[in-house]
Amino acid sequence: MKTEGPATGLSIFFPAYNDSGTIASLVITALRTARTLTPDHEVIIVNDGSKDGTADILEELASIYPQVRVVHHEKNRGYGGALRTGFATATRELVFYTDGDAQYDPAEMTALWRRFDDSVDLVNGYKISRSDPLHRILIGRIYHYTVKLLFGLTVRDVDCDFRMMRRAIFDTVHLEKNSGVICLEMMKKITDAGFRIAEVPVHHYHRAYGKSQFFNFGRLYRTAIDVAKLWYALVVRREHRDAA
């Protein structure tokens, strides 16, 4: 049974790095959900140089489900590199992605699908509440409000990696970052290009397997530098607008 929403195809992709404990259930949930939305769907997993059993699990999934495709990065390219590969590999008109660590439920893509219509180019999820340790919540809030102010963004949740968008956006928007600041780059460039954004609340769950690759002092320092460089490029120099 098809759930009410746009009559079009759907690409679903997951960036995955050492997600052997969660990725199989996410892919199966995504397949089950996609069948209720549209018969024209695919699921892509970008294995970003995982060192655990992720690659073997993904190959097994691809051998069982014809809708599943796997892209392997021989070396870890970073979160942004994985997202860029996912967007480049997707073939359907709409593209949905979320992370491979199961902190979001792919079944909730139904809410984004229902919100999609001819007046919307991107449906952005926002966390109802964040299920993380207190220090991560505090750092996340500081980051969130800082980048919204610096980059002039109005979306409720810049870093909620639960999004559905028109693939045609990337005919105009060109992403360059390989780090986690790609989400900020993406939302700034999409906003400045005039694409229409809707927002839908989604649940955020405790990490059941593995650990975050982001919350350490070295990574936070590098992120601060990346944000500063991005601000200079997109806000001060407005390079993306000059290139349009």
Side-chain angles (χ1 to χ4, degrees), residues 3 5 10-38 41-48 50 54 57-58 61 67-68 78-80 82-87 89-90 92 94-116 120 122-133 136-137 139-141 143-144 155-165 179-184 186-187 190 197-215:
T3 301
L10 176 64
S11 294
I12 298 163
F13 82 83
F14 298 93
Y17 180 66
N18 293 343
D19 289 322
S20 61
T22 55
I23 195 64
S25 63
L26 293 181
V27 169
I28 293 169
T29 299
L31 286 168
R32 289 175 175 171
T33 304
R35 291 189 194 112
T36 71
L37 305 179
T38 173
H41 60 269
E42 64 179 353
V43 176
I44 301 161
I45 310 97
V46 181
N47 173 32
D48 192 29
S50 296
T54 298
I57 292 170
L58 296 181
L61 288 167
Q67 302 92 344
V68 172
Y79 187 71
L83 287 194
R84 290 168 59 194
T85 294
F87 289 128
T89 305
R92 305 312 200 262
L94 294 184
V95 181
F96 166 82
Y97 84 91
T98 192
D99 295 343
D101 59 10
Q103 288 200 267
Y104 297 99
D105 180 2
E108 291 194 54
M109 78 174 84
T110 299
L112 280 62
W113 177 270
R114 288 173 174 166
R115 181 62 185 85
F116 235 103
V120 174
L122 181 152
V123 181
N124 197 69
Y126 64 88
K127 293 181 283 291
I128 296 171
S129 63
R130 184 166 187 159
S131 297
D132 277 324
R136 290 188 60 180
I137 294 174
I139 293 171
R141 285 180 179 175
Y143 175 83
H144 173 73
V155 291
R156 295 181 60 160
D157 197 339
V158 174
D159 274 339
C160 180
D161 291 298
F162 200 88
R163 297 183 170 101
M164 185 177 292
M165 62 196 76
S179 70
V181 299
I182 192 172
C183 298
L184 178 57
M186 177 167 55
M187 295 310 298
I190 287 174
I197 300 172
E199 299 181 88
V200 170
V202 297
H203 293 89
H204 185 257
Y205 299 96
H206 289 286
R207 180 183 290 268
Y209 178 85
K211 62 181 181 178
S212 172
Q213 305 297 317
F214 179 79
F215 284 89

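What you see below is based on every heavy atom in this structure, not just the backbone, and it leaves out hydrogens, waters and symmetry mates. Sequential numbering from 1 along the given sequence is applied to the chain's residues. Remember, it's a predicted structure, so these values are computed and weren't measured experimentally.
Inter-residue side-chain proximity for Met109 and Leu10 is flagged as met; some heavy-atom pair is nearer than 4.5 Å. At least one side-chain heavy atom of Ile45 sits under 4.5 Å from a side-chain heavy atom of Ile23. Side-chain contact between Ile182 and Arg84 is present, with heavy atoms from C-beta onward closer than 4.5 Å. Using a 4.5 Å heavy-atom cutoff, the side chains of Phe14 and Val43 are in contact. Looking only at side-chain heavy atoms (C-beta outward), Glu108 and Val200 stay at 4.5 Å or farther from each other. At a threshold of 4.5 Å between non-hydrogen side-chain atoms, the residues Ser20 and Ile57 count as touching.
Using a distance-only test at 3.5 Å, with no hydrogens or angles considered, no donor-acceptor pair links the side chain of Asp19 to the main chain of Thr54. No donor-acceptor pair closer than 3.5 Å links the side chain of Asn124 to the backbone N or O of Glu199. Listed for the Gln67 side chain is no donor-acceptor partner under 3.5 Å among the backbone atoms of Leu31. Checking side-chain atoms of Asp99 against main-chain N and O of Asp101 turns up no donor-acceptor pair under 3.5 Å.
Listed by chain and residue number, Asp161 satisfy the salt bridge (Lys or Arg N to Asp or Glu O under 4.0 Å) test with Arg163 (two or more places apart in sequence, or in another chain). Looking at residues two or more places apart in sequence or on another chain, you find a ring pair (Phe, Tyr, Trp, His ring centres under 6.0 Å) between Phe87 and Phe13, Tyr97, Phe170. Under the ring pair (Phe, Tyr, Trp, His ring centres under 6.0 Å) criterion, Phe96 pairs with Phe162, sequence neighbours left out.
Here the options are His41, Arg92, Glu42, the test is side chain to side chain donor-acceptor pair (under 3.5 Å), and the partner is Ser11; only Glu42 passes. Looking at Thr110, Leu112, Leu94, Ile12 one by one, the single match for side-chain contact (heavy atoms from CB on, under 4.5 Å) with Leu37 turns out to be Thr110.
Going from atom CD1 of Ile197 over to atom CZ of Arg156 covers 14.0 Å, rounded to the nearest 0.5 Å. In this structure, CD1 on Ile128 lies 11.0 Å from CG on Asp157, to the nearest 0.5 angstrom.
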* When you look at Tyr104 and His204, which way does the ring pair (Phe, Tyr, Trp, His ring centres under 6.0 Å) test go after all the steps? -> CA-CA 5 Å; Tyr104 297 99; His204 185 257; 5.2 Å; yes
